[in-house]
Amino acid sequence: MSIARKILLPILLMALVVLSVMVAFVTYDTDERANQDERRELSLLGLAFDNELTTLNGFALGLAVEVANNPGVQQAMANRNRAALEALVMPGYQALRKKFEIAQYQFHIPPAISFLRVHDPAKFGDDLSAFRPIVVAANREDKSLSGIEVGRAGFGIRGIAPIRAQGVHVGTVEFGIDIGNAFLTQLKQRYGADWQVLLSSKMAQIATFTQGNQPAEAGLIVQSSTLTHPFIDGAQALAHPLNGQAFDTIEHREGREFRVRWMPLNSFNGEQIGWVQILKDRSDFVTLRNTRLMQAVGMIVLVLASLSLLVSVVVTRVLRPLKPLTSASAAIARGDFTPDLAPYAKSSDEIGQLARGMQSMSEQLSVLVHHLEEQVSHRTAELHSANERIQQLNQSLRADNQRMRTELDVARKIQHMIVPGSHEISSVPTLDIAAYMEPAEEVGGDYYDILQHDGQVCIGIGDVTGHGLESGLVMLMTQSAVRTLITLNETDPVRLMNTLNRTLFNNMQRMRSEKNLTLSLLHYQPDPQHTGQGQLRIIGQHESVLIIRADGQFQDIDTLELGMPIGMIDDIAQFIAAAVVTLNTGDAVVLYTDGITEAANAAHELFGSNRLKQTLLAHHQQPAEAIKTAVIEAVRAHIGAQALYDDLTLIVLKQR
């Protein structure tokens, strides 16, 4: 095969590849731009939908608040006078329904008993607690709430306001606005896209709206749609279950292509109950894209034919002088750098440039070959020296790591040795005590102790900022200082805490440490008359002290006003105060560090004080050990496979 053909074929092939890539790129770029525009449009439509819901939320809640503030409504609800209430609100409802299409207008009495359905007065008295959490919450918390919920009358926005008569909560009033075909049709007229609302079949069964021939698949049902023939893509629904994440899909139905945005639809309490679908018809775009693709293919064929003819002529004429340079290049390839290329280097065109380049290359290769061995030897020596230094550094790092592991192991063992043993915990005759501590690292920064001296019982709990060796050292100093002061029979709360603070402050100044800690000390004194009572005196600032009475009532003692963090300033006497609590038989006291309440799961949700209180309430009648175990298991279940980011400490005291 001739050189001309060898050059011609790659050029044509490259031209084909380049043109194909260009067409592919243009096609891809067109598609991508269209996709971005569509996704941006769908995102804006999603925001518009959210804004519509927000507006409806405000409107429904505003109506509810307005009615709740009506003195006549308040009096009728307080007297449970259904007839008077109906006569009072029915004219207004007729006007609202005609003007704003209000679908639901209802009054409830706690916890969620339907007192009057203004939209259906004949039906009342049924308990909605099982499926209307927003009504239950509004009555329980005595506050206005709004959001999406499925009820007997259908699915839509609910605005609920509490009704108070002379300062007493007597019930709630609710306004509901349907999110149905009429609402979606308005959105389509306003924004141009099609809309569908898909509810989970479980939620749809609660409502009384007629499902009829609505499509149902993969646990979903079409609740409302602007399409003539609504549909559900079961494969997409199964691939993306109710998980709270929006996503986009491409759907093909009846010869049309849609880009679909699936937006999670959440009820008032945060539970996902279905999807909102925004459907953008892509049929015109697909037709235009296919037409442009066919035009591009035709252009490729035309360009290749023209280029083939042009390159064939040019290559034949231009490459003819290359023959004399072939033998010279072969000699250079064999390592012979002596060929004389000067006759060919005189030309000013590209052939001359090639000849001059080959001459220069020949000279440079000759120099490189002669010096290559010397350079390789020098570089090898440098690498060998660098490798020796790296090995020395690795040995030093291994020694340092071994020393640090040994030091941390010793500190951890010392920390575990000073934690109260089971004989100390069980030696208080009038208290049932259980305790738990788990550091986030080898050495933790949490502190707790149970001390007895000359009839005194002192329970301490604290949390040093951070964790690790330095925090563990501050914890050990705190434990030693508290035990010393208790052993010296120091009972005055101001002197005790101020002396402890001054000692730790001076030590941490000497250590150049910026650590400090929260600390609460509880002095327990049983009733000398053996009545089954005991008294706690609480000093120092730490987390709240939780008191769970035998009858399940909570008392939350905020320690913020009882002191300030230890080790921040040298004198805290003016900040120290005490709180006194009387304990009866069966009462429990719970002390904890923020490692309990701030334990987070994979979704970065904290365990929180509410979960802690719910767990304590469910187990408060059990022994202290069982309460402790229940709390730790609840924290573990909440964080799952997540690692601990802070130390966990928990103390449960129970009056015998």
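The residues of the chain are indexed from 1 along the displayed sequence. Predicted, not measured: the structure shown is a model, and the values here were computed from it.
- Residues forming a side chain to side chain contact (heavy atoms under 4.5 Å, CB included) with S609 (at least two apart in sequence, or on another chain): none.
- Sorted by first and then second residue, the pairs that involve residues 133-149 and meet salt bridge (charged side-chain N to carboxylate O under 4.0 Å, His left out), not counting sequence neighbours, are R132-E149, E141-K143, D142-R164.
- Judged purely by atom type and a 3.5 angstrom limit, S520 uses its side chain to pair as donor or acceptor with the backbone of G540.
- Classification of the F607-H638 ring pair by plane angle, with boundaries at 30° and 60°, yields perpendicular.
- Contact record, L546 with K613: CD2-CE, 3.9 Å, taken as the closest heavy-atom pair.
- Under the side-chain hydrogen bond (donor to acceptor under 3.5 Å, both in side chains) criterion, the residue pairs touching residues 594-603 are N601-E605, with sequence neighbours excluded.
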Start with the C-alpha distance between R636 and E633, add both sets of side-chain angles, then the distance that settles salt bridge (Lys or Arg N to Asp or Glu O under 4.0 Å), and finish with yes or no. CA-CA 5 Å; R636 287 291 183 190; E633 288 179 350; over 6 Å; no

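- Scored by the salt bridge (charged side-chain N to carboxylate O under 4.0 Å, His left out) test, E543 finds no partners at all (sequence neighbours excluded).
- In this structure the side chain of V73 reaches within 4.5 angstrom of the side chain of F107, judged on heavy atoms.
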Stepwise side chain to side chain contact (heavy atoms under 4.5 Å, CB included) check, H169 with N139: CA-CA 8 Å; H169 180 83; N139 274 305; 2.9 Å; yes

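- Enclosure of atom CD in Q456 by more than 12 non-hydrogen atoms of other residues, nucleotides or ligands within 6.0 angstrom is indicated.
- Residue pairs that meet the salt bridge (charged side-chain N to carboxylate O under 4.0 Å, His left out) test with at least one member in residues 573-589, sequence neighbours left out, are R549-D587.
- Here A165 pairs with Q74, A78, V170 under the side chain to side chain contact (heavy atoms under 4.5 Å, CB included) rule; sequence neighbours left out.
- Annotation: E561, atom CD; neighbour count of heavy atoms from other residues, nucleotides and ligands within 6.0 Å does not exceed 12.
- Not a single donor-acceptor pair under 3.5 Å links the side chain of D449 to the backbone N or O of G460.
- In this structure N269 satisfies the side chain to side chain contact (heavy atoms under 4.5 Å, CB included) test together with P133, S267, E271, sequence neighbours excluded.
- Partners of D527 by salt bridge (charged side-chain N to carboxylate O under 4.0 Å, His left out), not counting sequence neighbours: none found.
- Judged by distance alone, the side chain of N501 and the main-chain N or O of M497 form no donor-acceptor pair under 3.5 Å.
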Run the side chain to side chain donor-acceptor pair (under 3.5 Å) check on Q533 and T582 step by step: do they pass? CA-CA 7 Å; Q533 289 186 332; T582 298; over 6 Å; no

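- Checked by atom type and distance alone, the side chain of Q541 pairs as donor or acceptor with a backbone atom of G563 at under 3.5 Å.
- Residues satisfying the side chain to side chain contact (heavy atoms under 4.5 Å, CB included) test with T249, not counting sequence neighbours, are Q236, F247, E251, V260, W262.
- Distance check: H523 NE2 to Q535 CD gives 12.5 Å after rounding to the nearest 0.5 Å.
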Worked check of side chain to side chain donor-acceptor pair (under 3.5 Å) between E174 and H108: CA-CA 8 Å; E174 170 187 4; H108 323 89; 2.9 Å; yes

Listing, residues 569-581 side-chain donor-acceptor contacts under 3.5 Å, not counting sequence neighbours, or none:
from: D571; atom 1: OD1; to: N498; atom 2: ND2; distance (Å): 3.2
from: D571; atom 1: OD1; to: A573; atom 2: N; distance (Å): 3.0

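- Legend: residues meeting salt bridge (charged side-chain N to carboxylate O under 4.0 Å, His left out) with D463, ordered by chain and number and at least two apart, are absent.
- Atom CG of L431 is separated from atom OH of Y524 by 4.0 Å, given to the nearest 0.5 angstrom.
- Sequence neighbours left out, the pairs with a member in residues 49-68 that pass salt bridge (charged side-chain N to carboxylate O under 4.0 Å, His left out) are E52-R190.
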Show your reasoning for whether side chain to side chain donor-acceptor pair (under 3.5 Å) applies to N266 and Q272. CA-CA 4 Å; N266 297 327; Q272 186 178 348; 5.4 Å; no

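- Judged by distance alone, with hydrogens and angles left aside, the side-chain atoms of R158 form no donor-acceptor pair with the main-chain N or O of S146 at under 3.5 Å.
- Remark: E438 CD is packed, more than 12 non-hydrogen atoms of other residues, nucleotides or ligands lying under 6.0 Å away.
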